[in-house]
Amino acid sequence: MRLDKYLAETAQCTRSEAKTMLAKGRVQVNGAVCKKGDTQLKDNDTVTVDGAPLRYQKFVYLMLNKPEGVVSASTDKRDTTVVDLVGDAYPRRELFPAGRLDKTSTGFVLLTDDGGFAHDILSPRHHVSKTYTVTIDTPLTQEMCTGFAAGVTLADGTALSPAEVTALSPDGCTVRVVLRQGVYHQIKRMFGVYGAGVNALHREAIGGLALDAQLAPGQWRELSDEEVAKITR
Ligand code: URA
């Protein structure tokens with residue numbers, strides 16, 4: 001790859017900003033100042049800007065704690081989107097949410113520009129679990145537990161895959177739900193079959209990766225390679 005393109009992609013800047021960095025002598029290749037943007041990099045070359053090494057990332061993976069009232073989309077005419085919350089941090093990346101949470105739901109949304117990965121984790125064939133803490137307006141019943149485990153049939157006839165539900169609070173109104181598919185308003189519709197309403201819904205984990213408790217609503221951070229691997233593990 002050409003040095004100027006590499007700089008733009010790793011340092012998240014435009015090609016003209018990369019040109020300025022080069023002209024100012026801020027860029028070194030294997031320890032020597034290099035001012036030529038058309039330099040072809042080899043696999044093992046080390047590039048630094050102001051002495052700090054750059055890391056090439058083919059794709060970006062972010063964990064975001066979605067607040068209530070924000071929509072799971074890239075753009076929206078009226079509402080703030082999960083991508084808006086990331087601001088200008090990745091001007092050259094086409095980020096999108098891999099899977100949706102309702103506007104009223106909160107918790108773990110994965111943002112990425114890796115379409116293949118998003119497709120894999122959303123495909124029911126790959127069985128990537130999504131774990132939610134849900135507050136319902138009536139206590140969990142044995143009928144709900146048995147029905148979820150067998151696979152709920154929704155009011156419109158859609159037959160869902162088996163899901164897990166367990167009570168988390170003594171009153172049975174706070175429950176954990178684990179899904180391995182993603183149907184529109186799935187949890188609300190599943191409880192609706194039993195006449196129960198959902199008051200709050202928070203996604204705690206995707207696959208083997210839990211939402212970082214340090215992230216306040218609206219905050220996000222990059223995932224490490226190990227964390228990305230945990231999603232499908
Ligand atoms: N199920 C729902 O009903 N809503 C969500 O946001 C996620 C799962």
Side-chain angles (χ1 to χ4, degrees), residues 62-76 78-86 95-112 118-141 143-145 147-169 172-212 215-220 231:
L62 308 177
M63 168 192 279
L64 170 90
N65 185 359
K66 186 184 102 58
E68 214 179 322
V70 169
V71 293
S72 296
S74 300
T75 57
D76 193 87
R78 276 175 316 173
D79 293 309
T80 304
T81 71
V82 285
V83 173
D84 292 336
L85 294 178
V86 178
L95 293 173
F96 61 90
R100 282 162 188 273
L101 280 180
D102 295 341
K103 188 171 165 181
T104 52
S105 301
T106 58
F108 189 173
V109 171
L110 178 75
L111 296 173
T112 185
H119 176 268
D120 282 355
I121 67 165
L122 297 175
S123 156
R125 275 192 305 127
H126 288 84
H127 304 291
V128 173
S129 62
K130 315 263 169 14
T131 306
Y132 301 85
T133 300
V134 185
T135 312
I136 47 179
D137 62 5
T138 173
L140 186 70
T141 60
E143 191 196 2
M144 294 178 198
C145 295
F148 275 40
V152 172
T153 300
L154 297 178
D156 67 357
T158 308
L160 299 174
S161 313
E164 292 153 42
V165 60
T166 43
L168 294 176
S169 64
C173 287
T174 305
V175 300
R176 171 174 296 130
V177 176
V178 182
L179 301 181
R180 289 187 172 73
Q181 67 185 141
V183 169
Y184 185 63
H185 287 336
Q186 184 167 338
I187 293 177
K188 289 175 185 155
R189 292 162 76 195
M190 287 166 81
F191 280 112
V193 168
Y194 300 93
V198 167
N199 291 335
L201 199 153
H202 184 76
R203 183 149 69 200
E204 304 284 356
I206 302 180
L209 184 65
L211 178 64
D212 185 338
L215 290 178
Q219 290 187 330
W220 57 272
I231 290 176

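Every number for a ligand or one of its atoms is a count from 1 in the order of the listing.
Looking only at protein heavy atoms, the nearest one to atom 1 (N) of ligand 1 is Ile187 N, 3.1 Å. The closest protein non-hydrogen atom to atom 4 (N) of ligand 1 is Asp102 OD2, 2.7 Å.
Crowding of His119 atom NE2: a count of heavy atoms from other residues, nucleotides or ligands under 6.0 Å not exceeding 12.
Judged as a salt bridge (Lys or Arg N to Asp or Glu O under 4.0 Å), and not counting sequence neighbours, Asp76 has no contacts. Taking the ring pair (Phe, Tyr, Trp, His ring centres under 6.0 Å) definition, one finds that Phe148 meets it with Phe191, sequence neighbours left out.
On a distance-only criterion, Tyr132 and ligand 1 share no N/O pair closer than 3.5 Å.
Less than 4.0 angstrom separates some heavy atom of Ser105 from each of these atoms of ligand 1: 4 (N), 5 (C), 6 (O). Of all the atoms in ligand 1, the ones that sit under 4.0 Å from a non-hydrogen atom of Leu101 are 6 (O).
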What verdict does the side chain to side chain donor-acceptor pair (under 3.5 Å) test give for Asp120 and Ser123, after you've listed the backbone C-alpha separation in whole Å, the side-chain angles of each residue and the deciding distance to 0.1 Å?
CA-CA 5 Å; Asp120 282 355; Ser123 156; over 6 Å; no
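Contact between Thr112 and Ala98 at its shortest, heavy atoms only, is CG2-CB, 4.4 Å.
When heavy-atom distances to ligand 1 are checked against a 4.0 Å cut-off, Val198 has no atom that comes that close, whether in backbone or side chain.
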